[in-house]
Amino acid sequence: MSAPNAGDTAWVLVCAGLVLFMTPGLAAFYGGMVRTRNVLAMLQQNMIALGVVSLTWMLVGYTIAFGDDAGSGLFGNLELFGLTDLKVPPAPNLHVVDGRITIPTLAFVLFQMMFAVITPALVTGATAGRLRFGGWVLFLAVWSIVVYAPIAHWLWHPGGWLAKFGTQDWAGGLVVHASAGAAVLAVLLVVGRRRDWPHTAAPPNSIPLTIVGAGILWFGWFGFNGGDGLQANGLAAQAVLNTHLAAAAAMLVWLALERVTDGHSTVVGAVSGAVAGLATVTPTAGYVNAASAVAIGALAGLVCHFALKLKYLLRLDDALDVLAVHFVGGMLGTLLLGLFGNRGVNPLGADGLFLGGGGGLLWRQLVGVVSVVAFSFVLTWLIAAGVQALIGLRVPPADQERLDQAQQGADAYHLGGVTSLTAPGAPRRRTAAAPSGEPSVPPGQRVRVVTALLEPDPAANSADLRDALLRAGAISVIVSDAAVATTTPQASLLPRGYWQDQPLAARLRVTVLVGAEGVGAVLDELDRMGARRSDTFVQEAERVQS
């Protein structure tokens, strides 16, 4: 028996770590685009897959996917249940993967485990704001065994029926993206739409968090596509290069389309295009040359950008456009392999239509797409409907906008407009507070309360705001967040070219306690800061006894 190759083993283990890193990257990518009160729930829905699917994969998922074929090409036998028989009969040959791929089987188990983990996590972007946590955990466990493992066997095990048929999938265009996309279609039918969709949009809470997540995904994708040959060689380098070039091309095409259609090229559009390119090149990365990878990425940017309208045509509330980016991207890349496949890059591949191979590979790719999508859709709907009936998969409508509090009793952020105001001065250590002294207005004396609404920008410096009002005669100043109804809704740009008309606008509410003689000066200062007299009120008040 061949001894494991140290270099290949190290490469596959590094790639396994990169693919693992993609799951928290996906959590950040999605987490930044949901509402402020749903961030923790989104992060947890993604991270829990690392716990649930890792164990289902070890117990039964791996043997269904990569155990000896049970005879039908549909799934493996259960002889590797729990990974207990890797070193003794009936599977002694699994000390290494095979005579040509000489890495320890456990390295292969680990690498493939990370694919099993991230695949169902993709669904959470579509169902944002609607998943009950307990139901989602049960769904993850069942789906990873009943749907993902058999599809992996079909395409990635030599005895799988699609593998023997000749359908190719380098790193998961079908196994990962198409299967997850079909699952999105089914789950959305079960959990339904968010309240008021599509008439209301959900503004992202942190675009920077989304960009960080996208960067992690791009980085991790080098392991996602680079490790699938299971060897540290030129083919791995070709797959990594193709991965990067496709993402770059898709990003530029997406940005150009945004500029033409929406008037702006946005950073969210840039990373959306990149992820679309990454998903689309995934099934082709080890089978095409660099020029083909650029063409595939460019087509991904074009097709996936226009596929953003798909959810409106289907009337499916896909919150973060998983269908357009992953589902369409995975299927598109699978079919494009039938055009760009190149045996000169990988002798185990096949020439596509553009390389003189005729339409045979394209036909086999089409059969693979139809089979995987149909299988995943039907089985996923049955699983989701069963979970919904058993313990519930959809959260109550009243909790959709407050999942963090409903499910975790916590909030992701504790900052508002007031605490975001700037102030001059260098950071310093905390010292004992100086005594505030006696109030300048004795208890019982009548004073005035002036209330005004300010635009946040003119009052951006908290010290200037305070000092100006105190000079005008203010006794105390209170600033709080407010939202006002506007006669003309303010249009705001949302990610991926969507717009939202916001009838409530953010303001700062300034409440000033002042003596009667200082009211005029305070009003003048507030006018200077942009307050409108129609939104300003003066009331009589009496200072209470402390």
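Using a 4.5 Å heavy-atom cutoff, the side chains of L185 and L189 are not in contact. Between L188 and T127, some side-chain heavy-atom pair lies under the 4.5 Å cut-off. Counting heavy atoms from C-beta outward, V53 and P120 have side chains that approach closer than 4.5 Å. N342 is not listed as a side-chain neighbour of Y287, based on a closest heavy-atom distance of 4.5 Å or more. Looking only at side-chain heavy atoms (C-beta outward), F29 and M33 come within less than 4.5 Å of each other. For the pair Q238/N346, no side-chain contact is recorded, criterion being any heavy-atom separation below 4.5 Å from C-beta on. The shortest side-chain heavy-atom distance between D317 and R130 falls under the 4.5 Å cut-off. Using a 4.5 Å cut-off on side-chain heavy atoms (C-beta onward), W161 and S371 make contact.
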Item to complete: I would like to know whether V387 and V142 meet side chain to side chain contact (heavy atoms under 4.5 Å, CB included); could you show each step before the answer?
Response: CA-CA 10 Å; V387 172; V142 177; 5.7 Å; no

Worksheet item: Do S376 and I151 pass the side chain to side chain contact (heavy atoms under 4.5 Å, CB included) test, and can you show the C-alpha distance, the side-chain angles, and the key distance before you say yes or no?
Response: CA-CA 8 Å; S376 178; I151 292 176; 4.3 Å; yes

Worksheet entry | Audit row: W143, T380, side chain to side chain donor-acceptor pair (under 3.5 Å) steps and yes/no | CA-CA 7 Å; W143 194 90; T380 301; 2.8 Å; yes

Worksheet entry | Verdict with reasoning, F108 to Y62, per side chain to side chain contact (heavy atoms under 4.5 Å, CB included) | CA-CA 10 Å; F108 181 70; Y62 179 78; 3.6 Å; yes

Practice prompt. Given side chain to side chain donor-acceptor pair (under 3.5 Å), test Y30 with N46 step by step and report yes or no.
Written response: CA-CA 9 Å; Y30 285 165; N46 282 267; over 6 Å; no

Practice prompt. Could you give me the CA-CA distance, side-chain angles and deciding distance for V52 and L138, then say whether side chain to side chain contact (heavy atoms under 4.5 Å, CB included) is met?
Written response: CA-CA 9 Å; V52 174; L138 179 58; over 6 Å; no

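Looking at N5, its side chain does come within 3.5 Å of a backbone N or O of D8 through a donor-acceptor pair. Side chain of D169 to main chain of L174: a donor-acceptor pair is present (N/O by atom type, distance under 3.5 Å, no hydrogens or angles). Side chain of Q365 to main chain of Q168: a donor-acceptor pair is present (N/O by atom type, distance under 3.5 Å, no hydrogens or angles). Side chain of N242 to main chain of A285: a donor-acceptor pair is present (N/O by atom type, distance under 3.5 Å, no hydrogens or angles). At least one donor-acceptor pair under 3.5 Å links the side chain of Q388 to the backbone N or O of L393. At least one donor-acceptor pair under 3.5 Å links the side chain of N233 to the backbone N or O of A236. Under the 3.5 Å distance criterion, the side-chain polar atoms of S265 are left unmatched by any main-chain donor or acceptor of A256. Put simply, the side chain of T282 gets close to the backbone of L278: a donor and an acceptor are under 3.5 Å apart. Here the side chain of D404 pairs no donor or acceptor atom with the backbone of D411 at under 3.5 angstrom. Under a 3.5 Å cut-off, the side chain of H157 and the backbone N or O of G67 do form a donor-acceptor pair.
A distance of 9.5 Å separates CG in L18 from CZ in F111, rounded to the nearest 0.5 Å. Rounding to the nearest 0.5 angstrom, the gap separating the OG1 atom in T84 from the CG atom in L59 is 10.0 Å. The CD1 atom of I383 lies 10.5 Å from the CG atom of L140; values are rounded to the nearest 0.5 Å. With rounding to the nearest 0.5 angstrom, the CG atom of L323 is 6.0 Å from the CG atom of L310. One distance of note links CG of L106 with CG of L110; it measures 8.5 Å at 0.5 Å rounding. Between the CD atom of Q400 and the CZ atom of R35 there is a distance of 10.0 Å, given to the nearest 0.5 Å.
Just one residue in the list V281, L299, V288 forms a side chain to side chain contact (heavy atoms under 4.5 Å, CB included) with L336, and that residue is L299. Tested against H177, the residues F115, F327, W221 include a single ring-ring contact (aromatic ring centres under 6.0 Å, His included) partner, W221.
Qualifying side-chain contact (heavy atoms from CB on, under 4.5 Å) partners for A10, counting only residues two or more places apart in sequence or in other chains: none. Residues satisfying the salt bridge (Lys or Arg N to Asp or Glu O under 4.0 Å) test with R132, not counting sequence neighbours, are none.
Dense packing is recorded around CZ of F222, with more than 12 heavy atoms of other residues, nucleotides or ligands lying under 6.0 Å away.
Closest approach of T280 to A300, counting heavy atoms only: OG1-CB, 3.2 Å. Between F66 and H153, the shortest heavy-atom distance links the atoms N-ND1, 4.4 Å. Nearest heavy-atom pair across L217 and V275 is CD1-CG2, 4.5 Å. Pairing each heavy atom of W254 with each of C304, the nearest pair is CZ3-C, 3.8 Å. Taking every heavy atom of both residues into account, P150 and V147 meet most closely at CD-O, 3.3 Å. Across all their heavy atoms, K164 and P158 have their closest contact at CG-O, 3.4 Å.
Ring-centre distance between F133 and W136: not below the 6.0 Å cut-off. In this structure, W218 has its ring center closer than 6.0 angstrom to the ring center of H244.
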